[in-house]
Amino acid sequence: MSGRTALLSGNEATAIAMRQARPDVFAAFPITPSTEIPQYFSKFVADGETPAVFVPVESEHSSMSACIGAAASGARSFTATSANGLALMWEELYIAASLRLPVVMACVNRALSGPININNDHSDSMGARDSGWIQLYSENAQEAYDQFFIALKTAESVGLPAMTCQDGFITSHAVEPVELLEDGKAAGYCGTWKPGRTLLSGPVSMGPYDGAEFYMEHKRQQSDAVSQAFEAHARAVREYGALSGRLLDPVEEYRLDDAEYAFVLIGSSAGTGKDAVDRLRERGHRVGLLKIRLFRPFPAEAIARALSGRRAVAVMDKCDGFSGSGGPLAAEVAGALYGTPAAERPELRPFVYGLGGRDVWVEEFFGIYESLRNPWAADAGRVEYRGVREEAPV
Amino acid sequence: MANETRKFLPSWRTIDSAGTVAVPGSSEKFLTGDWRTERPVWKAEACRHCALCVPACPDSSIPFGADQRRGGFDLDHCKGCGVCAAVCPFGAISMIPEGGLK
Ligand code: SF4
Ligand code: SF4
């Protein structure tokens with residue numbers, strides 16, 4: 001059924017998925033903590049393990065431009081980046097999405113300046129959430145590996161770019177057992193991309209000026225593709241599940257069945273959160289966890305279904321939206337719950353935690369749970385910050 | 001844009017994906033002449049057909065024939081930038097206000 005199990009970091013597992021997905025082009029510029037991905041991939045190229053062309057560029061603006069040019073010519077194109085590198089791609093992110101080019105990127109989440117920091121939070125990719133890219137977040141190296149294939153399949157079937165996100169260092173550099181697909185099975189799953197018109201298929205102009213008479217129709221068309229991505233993603237997940245035995249639905253419910261309280265979060269902290277849930281359950285508390293894998297498009301219905309009827313939910317953002325009321329996940333979950341009947345709607349508490357690599361412990365979850373069970377403190381503000389020092393030691 | 005015009009344009013369902021233009025040379029169909037606020041006027045009798053203005057035009061609106069002679073302006077595409085008038089060494093091009101605006 002499946003291939004071998006290897007001890008791999010999230011970065012190495014992702015690079016292997018990229019080789020197995022048989023790209024034509026890989027363009028990248030190194031940036032911590034994603035540097036290892038192009039490093040491993042360029043070794044595959046040097047060792048003749050992939051026929052892909054490796055394009056070493058002088059910036060991330062160029063790596064995304066190279067991917068766009070290659071994809072516009074019909075080439076399956078990959079890149080990897082983090083934080084400031086992603087920020088330097090900003091203009092091209094929108095161009096890849098609006099030109100409907102299924103470039104696939106591995107984003108290794110790192111705090112976006114400043115002050116400069118190389119450790120994990122989600123401020124880089126969360127800023128790109130409205131750029132038109134599909135976004136999938138992984139809890140561990142296995143998910144980072146698996147979801148790369150799912151991202152590719154979804155992207156190519158609807159003609160939109162996709163990024164897989166994993167937590168910098170925590171997932172990208174920690175080594176854990178990862179079950180790999182056999183090369184042949186992975187290639188069979190990925191198939192070959194069948195692009196429509198390309199720069200090589202005849203005289204075409206891509207990305208010409210789009211005036212007020214046409215622009216809105218193209219945006220509506222793009223939004224339709226994003227809606228279709230739900231179904232395409234579900235199909236990709238089903239097929240991948242049949243191949244690997246691992247089902248990576250848009251959200252993962254952990255011990256939520258009879259839960260009165262829930263943690264809602266993204267990424268590697270889900271592992272710590274599940275441990276906290278287990279320990280709280282041992283003491284008889286009815287608490288569970290909801291992990292979000294698919295963030296774009298946003299699975300609002302699945303989230304509303306999973307959370308409605310709970311007493312209170314803690315929505316935990318590893319990113320401050322600077323909106324004054326929490327991070328982007330809290331805002332999106334609040335939006336998802338607004339459509340549920342008022343009587344079923346849980347109280348929603350936004351938390352911001354883990355910025356710039358600040359560790360989150362099981363005890364932190366206990367504290368959040370305590371906070372959830374107590375009535376909202378009048379002086380708490382609209383968002384609670386966890387793990388931040390409040391008083392200087394005396 | 002007037003509503004009468006709008007109904008002849010493709011809907012978001014039928015419009016070309018991503019605005020990709022799949023026919024060559026289509027920019028010629030985009031008449032940019034109505035962007036002009038000033039119009040170049042060619043004084044044929046002063047022109048020495050030196051062709052200095054021809055490559056200076058950013059809109060390829062000055063034809064130059066196989067007979068090595070300059071032709072009249074393509075006013076469907078000329079945007080009235082005035083570069084040609086500035087480069088002509090013989091004063092054979094002048095710019096006048098477009099549309100009778102004072
Ligand atoms: S005015 Fe400008 S656009 Fe028009 S012919 Fe002269 S150079 Fe070309
Ligand atoms: S630059 Fe002046 S003289 Fe020379 S071809 Fe143009 S209009 Fe004629």
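By convention in this document, chain letters (A, B, ...) are assigned in the order of the sequence lines, proteins followed by strands, and residues within each chain are numbered from 1. Bear in mind the structure is a predicted one, so any value in this text is a computation, not a measurement. Atoms considered below: every heavy atom in the structure, side chains included; atoms not considered: hydrogens, waters and symmetry mates.
- Counted within 6.0 Å of CD on B:Glu28, heavy atoms from surrounding residues, nucleotides or ligands total 12 or fewer; the atom is thus considered open.
- Proximity of a side-chain donor or acceptor of A:His218 to a complementary backbone N or O of B:Asp16 within less than 3.5 Å is detected.
- Open room surrounds OH on A:Tyr215; 12 or fewer heavy atoms of other groups in view lie less than 6.0 Å from it.
- The number of heavy atoms from other shown groups lying within 6.0 Å of CD (A:Glu239) is above 12.
- In this structure, chain A has no heavy atom under 4.5 Å from any part of B:Ser27.
- Within 6.0 Å of CZ on A:Arg220 lie more than 12 heavy atoms contributed by other residues, nucleotides or ligands.
- Rounded to the nearest 0.5 angstrom, B:Thr14 OG1 and A:Glu217 CD are separated by 9.0 Å.
- Other residues, nucleotides and ligands place more than 12 heavy atoms under 6.0 Å from the CZ atom of A:Arg129.
- Sparse packing is recorded around OH of A:Tyr338, with 12 or fewer heavy atoms of other residues, nucleotides or ligands lying under 6.0 Å away.
- Looking at A:Arg197, only its side chain comes within 4.5 Å of chain B, counting heavy atoms on both sides.
- Between atom OG1 of residue B:Thr20 and atom CE of residue A:Met206 there is a gap of 4.5 Å, rounded to the nearest 0.5 Å.
- The two residues A:Ser98 and B:Ala18 come nearest to each other via the heavy atoms O-CB, 3.3 Å.
- Looking only at distances, a side-chain donor or acceptor of A:Gln221 sits under 3.5 Å from a matching main-chain atom of B:Ile15.
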